[in-house]
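Down below is the structure, laid out as structure tokens.
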Amino acid sequence: MKYKIILASNSPRRKELLSGLDIDYEVRIIDGIEEEYPVDMPVEDIPQYLAVRKSIPYKATLSDNELLITADTVVVCEGKVLGKPVDRQDAVEMLRLLSGKSHYVVTGVCLATKNWSKSFHVATKVTFKHLKESEIDYYVTNYKPYDKAGAYGIQEWIGYIGVTDIDGSYFNVMGLPVQRIWAELNKVEY
């Protein structure tokens with residue numbers, strides 16, 4: 001392998017997905033990276049911007065043979081960006097907004113070495129059935145989706161009972177577009 005892969009994420013889902021590619025990698029975390037973006041930025045550009053921003057503090061720590069992967073995922077519904085809910089009520093409100101509608105899950109990814117970087121984003125359209133209040137309450141109470149953009153994990157109960165259609169990468173909705181990452185890594189002969 002040309003590069004040692006570094007995943008800059010504490011997300012158990014991103015670790016699981018990258019592990020599914022049978023790639024050896026190391027997790028490296030730098031705390032305190034701000035996840036802010038310009039208020040006038042087009043919503044589809046936000047996750048890619050944040051993935052690049054997350055990569056910047058790591059570049060000085062990379063060895064010549066290391067390739068860093070950073071990512072950020074947002075849910076976009078009716079032009080509104082849904083990040084991670086701040087509390088129970090926020091999670092409930094997000095799920096109410098998604099109920100009975102289609103939305104987009106957009107993940108931005110940055111691949112970087114000391115000398116170059118490449119970023120991209122992948123969007124997946126997801127449609128939910130109309131969710132009953134009791135379903136939303138059950139999910140939030142039992143799964144506590146406070147670490148998930150849009151307040152849901154497609155691989156959890158709410159995805160099983162609520163998602164009626166998906167157009168694009170399922171794994172992108174989980175938080176990492178592994179198909180595209182694999183293709184990009186092969187271009188640089190990782």
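Predicted model only: the values in this text are computed from it and were never measured.
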How far apart are the C-alpha atoms of D72 and K54, what are their side-chain angles, what is the distance that settles it, and do they pass the side chain to side chain contact (heavy atoms under 4.5 Å, CB included) test? CA-CA 9 Å; D72 195 84; K54 287 177 179 180; 2.9 Å; yes
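- D45 places no side-chain N or O within donor-acceptor distance of the main-chain N or O of M41, the cut-off being under 3.5 Å.
- Pairs engaging residues 21-47 under the ring-ring contact (aromatic ring centres under 6.0 Å, His included) rule: none recorded [sequence neighbours left out].
- Looking at D137, its side chain never comes within 3.5 Å of a backbone N or O of E133 through a donor-acceptor pair.
- Rounding to the nearest 0.5 Å gives a distance of 12.0 Å between OG1 of T73 and NE2 of H121.
- T70 places a side-chain N or O within 3.5 Å of a backbone atom of A51 that can act as its donor or acceptor partner.
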Pair E93-R96, salt bridge (Lys or Arg N to Asp or Glu O under 4.0 Å): steps then yes or no: CA-CA 5 Å; E93 291 300 322; R96 284 179 181 154; 2.7 Å; yes
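- Pairs passing the ring-ring contact (aromatic ring centres under 6.0 Å, His included) check and including a residue from residues 40-84, sequence neighbours excluded, do not occur.
- Between the side chain of N172 and the backbone N or O of V106 there is no donor-acceptor pair closer than 3.5 Å.
- Follow the hydrophobic side-chain contacts under 4.5 Å out from L176 and you never reach I46; the two are in separate clusters.
- The two residues I30 and P57 make their nearest non-hydrogen contact at CD1-O, 3.6 Å.
- Within a 6.0 Å sphere centred on CG of D24, heavy atoms belonging to other residues, nucleotides or ligands number 12 at most.
- When every heavy atom of V188 is checked against every heavy atom of Y3, the shortest pair comes out as O-CE1, 4.0 Å.
- Side-chain contact between V105 and V74: absent, with no pair of heavy atoms (C-beta onward) separated by less than 4.5 Å.
- Contact between L185 and I5 at its shortest, heavy atoms only, is CD2-CD1, 4.1 Å.
- Shown here for T107 and G175, the closest heavy-atom pair between the two residues is CG2-O, 3.7 Å.
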Going through the distances and angles, do V126 and D165 end up as a side chain to side chain contact (heavy atoms under 4.5 Å, CB included)? CA-CA 6 Å; V126 179; D165 192 48; over 6 Å; no
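- Heavy-atom contacts from other residues, nucleotides or ligands closer than 6.0 Å to NZ of K125 number 12 or fewer.
- Between R13 and D147 there is a salt bridge, since a side-chain N of the basic residue sits under 4.0 Å from a carboxylate O of the acidic one.
- For the 3.5 Å distance criterion, the side chains of R88 and T141 qualify, holding a donor opposite an acceptor.
- I158 and V76 fall into different hydrophobic clusters, where Ile, Leu, Val, Met, Phe, Trp and Tyr residues are linked whenever their side-chain heavy atoms come under 4.5 Å apart, directly or through other members.
- In the hydrophobic clustering of ILVMFWY residues, with side-chain heavy atoms under 4.5 Å counting as a link, V43 and L97 come out apart.
- Applying the ring-ring contact (aromatic ring centres under 6.0 Å, His included) rule to pairs touching residues 63-104 yields H103-F128, H103-Y152, sequence neighbours excluded.
- Checked against side chain to side chain donor-acceptor pair (under 3.5 Å), S11 has no partners two or more places apart in sequence or in another chain.
- Residues K2 and N65 fail the side-chain proximity criterion, which asks for heavy atoms closer than 4.5 Å.
- The distance from the CG atom of L50 to the CD1 atom of I33 is 11.0 Å, given to the nearest 0.5 Å.
- Considering only residues two or more places apart in sequence or on other chains, R14 meets the salt bridge (charged side-chain N to carboxylate O under 4.0 Å, His left out) condition with none of them.
- Residues passing the salt bridge (charged side-chain N to carboxylate O under 4.0 Å, His left out) test with R28 are E26, E66, sequence neighbours excluded.
- When hydrophobic residues (I, L, V, M, F, W, Y) are linked wherever their side-chain heavy atoms come within less than 4.5 Å, V52 remains an isolated member.
- The two atoms that bring E34 and R53 nearest to each other are O-NE, 3.4 Å, heavy atoms only.
- In this view, K101 and E78 satisfy the salt bridge (charged side-chain N to carboxylate O under 4.0 Å, His left out) rule, not counting sequence neighbours.
- Residues V27 and I29 have side chains in contact (heavy-atom distance under 4.5 Å, counting atoms from C-beta outward).
- In this structure D167 satisfies the salt bridge (charged side-chain N to carboxylate O under 4.0 Å, His left out) test with no other residue, sequence neighbours excluded.
- Looking only at side-chain heavy atoms (C-beta outward), W182 and N186 come within less than 4.5 Å of each other.
- Shortest non-hydrogen contact noted between S117 and K59 is CB-NZ, 4.1 Å.
- The side chain to side chain donor-acceptor pair (under 3.5 Å) search around S102 returns T127, not counting sequence neighbours.
- Residues in residues 153-174 take part in these ring-ring contact (aromatic ring centres under 6.0 Å, His included) pairs, two or more places apart or across chains: Y138-W157.
- When hydrophobic clusters are built by joining Ile, Leu, Val, Met, Phe, Trp and Tyr residues whose side-chain heavy atoms come closer than 4.5 Å, directly or via intermediates, V173 is grouped together with L82.
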Test side chain to side chain contact (heavy atoms under 4.5 Å, CB included) on L131 and I161 and set out the steps. CA-CA 9 Å; L131 298 169; I161 65 102; 4.2 Å; yes
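- K148 and E156 are joined by a salt bridge, as a carboxylate oxygen and a charged side-chain nitrogen come within less than 4.0 angstrom of each other.
- In this structure, T113 OG1 and L62 CG are separated by 7.5 Å, a value rounded to the nearest 0.5 Å.
- I166 is connected to Y139 through a chain of hydrophobic side-chain contacts under 4.5 Å among Ile, Leu, Val, Met, Phe, Trp and Tyr, so both are in one cluster.
- A donor-acceptor contact shorter than 3.5 Å links the side chain of S19 to the backbone of K15.
- Residues that satisfy the side chain to side chain donor-acceptor pair (under 3.5 Å) test with K118, not counting sequence neighbours, are E184.
- A donor-acceptor pair under 3.5 Å is absent between the side-chain atoms of K129 and the main chain of S99, judged by distance alone.
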For a side chain to side chain contact (heavy atoms under 4.5 Å, CB included) check, start with the C-alpha distance between L68 and L111, then their side-chain angles and the critical distance, and finish with the verdict. CA-CA 6 Å; L68 177 74; L111 305 178; over 6 Å; no
